[in-house]
Amino acid sequence: MRRTLPYIFLSLFTFSLLSFSYSIDDVVSAIKTGDANKMSRYFDNLVEITLHERSNSYSRSQAEVILKDFFSNSGVKNFKVLHKVTNNDSEFCVGSLTTKNGEFRTTIFMKTRGDKKLLQELRFDSQ
């Protein structure tokens, strides 16, 4: 028993490190590569998406389809973070998305639900 106790504590410590919390940096990384599938991991049950001055709330699967279409049609080239704010229960980021079709001022908002921060809102406004 004495020999297994350190292994139990080590296992619990490792598990706590692996039970991660999402952050806005994960979403930024997915936007930089235009990976809607990766982004969908961070979606809340409903996500508000604004594209081409049209805004609507979508389920996770609908939001993923909308973003896949947007990313594939736009041809993501780069994403640059311009401003980021983090507090205990939310994160907010404003950035500039460069695509083959132009630049989009991008706003990302995440809020804590349960033990994770989940994506609540995405805005892509033409510049």
Side-chain angles (χ1 to χ4, degrees):
M1 179 70 177
R2 294 183 94 164
R3 287 186 173 179
T4 59
L5 199 54
Y7 293 111
I8 291 171
F9 284 119
L10 181 61
S11 296
L12 289 173
F13 177 73
T14 303
F15 180 76
S16 68
L17 289 177
L18 293 176
S19 62
F20 54 90
S21 177
Y22 304 138
S23 82
I24 209 153
D25 295 326
D26 298 317
V27 175
V28 166
S29 173
I31 290 175
K32 282 183 178 180
T33 59
D35 190 342
N37 185 39
K38 183 177 176 184
M39 280 187 71
S40 69
R41 298 178 201 164
Y42 315 115
F43 291 166
D44 199 350
N45 293 331
L46 285 176
V47 181
E48 185 173 331
I49 298 177
T50 302
L51 276 171
H52 309 295
E53 300 185 23
R54 288 184 30 218
S55 183
N56 207 342
S57 292
Y58 301 98
S59 69
R60 283 183 181 146
S61 57
Q62 289 173 317
E64 183 179 358
V65 169
I66 299 278
L67 289 177
K68 273 184 184 177
D69 185 55
F70 173 68
F71 289 151
S72 67
N73 289 334
S74 298
V76 173
K77 291 184 175 181
N78 192 25
F79 182 77
K80 180 181 175 186
V81 173
L82 302 174
H83 181 70
K84 184 167 71 167
V85 177
T86 301
N87 67 29
N88 291 340
D89 66 342
S90 64
E91 291 184 87
F92 178 79
C93 176
V94 176
S96 180
L97 176 66
T98 304
T99 71
K100 68 180 182 184
N101 296 334
E103 302 244 345
F104 294 88
R105 179 180 171 86
T106 305
T107 306
I108 307 163
F109 177 70
M110 296 180 80
K111 188 169 182 165
T112 302
R113 292 199 27 128
D115 61 346
K116 303 181 212 183
K117 285 194 174 121
L118 296 173
L119 187 61
Q120 304 286 313
E121 183 178 353
L122 271 173
R123 293 184 62 91
F124 298 96
D125 297 308
S126 298
Q127 291 187 358

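No hydrogens, no waters, no symmetry mates; every other heavy atom, side chains included, goes into these values. Residue numbers run from 1 in the order of the sequence given.
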If you apply the rule side-chain contact (heavy atoms from CB on, under 4.5 Å), what do you find for S55 with E48, and how did you get there?
CA-CA 7 Å; S55 183; E48 185 173 331; 3.0 Å; yes
Is a side-chain donor or acceptor of T112 paired with a backbone partner of D89 at a separation under 3.5 angstrom?
yes
Are the side chains of E121 and T107 in touch, meaning some heavy atoms are under 4.5 Å apart?
no
Can you run down the salt bridge (charged side-chain N to carboxylate O under 4.0 Å, His left out) pairs that involve residues 100-109, sequence neighbours left out, and say none if there aren't any?
none
Closer than 4.0 angstrom, basic N to acidic O: yes or no for D25 and K84?
yes
Could you measure the distance from the CG atom of L122 to the CD1 atom of I66? Nearest 0.5 Å is fine.
11.5 Å
Is the shortest heavy-atom distance from the side chain of S126 to the side chain of F104 under 4.5 Å?
yes
Give a yes or no answer on whether the side chain of T33 reaches the backbone of A30 with a donor-acceptor pair at less than 3.5 Å.
yes
Could you label the plane-to-plane angle of the F124 and F70 rings as parallel, tilted or perpendicular, counting under 30° as parallel and over 60° as perpendicular?
tilted
Pairwise side-chain contact, R41 with D26, heavy-atom cut-off 4.5 Å (strictly under):
no
Any carboxylate oxygen within less than 4.0 angstrom of a Lys/Arg side-chain nitrogen, looking at E64 and R60?
no
Do side-chain atoms of D44 reach the backbone of V47 as a donor and acceptor pair under 3.5 angstrom?
no
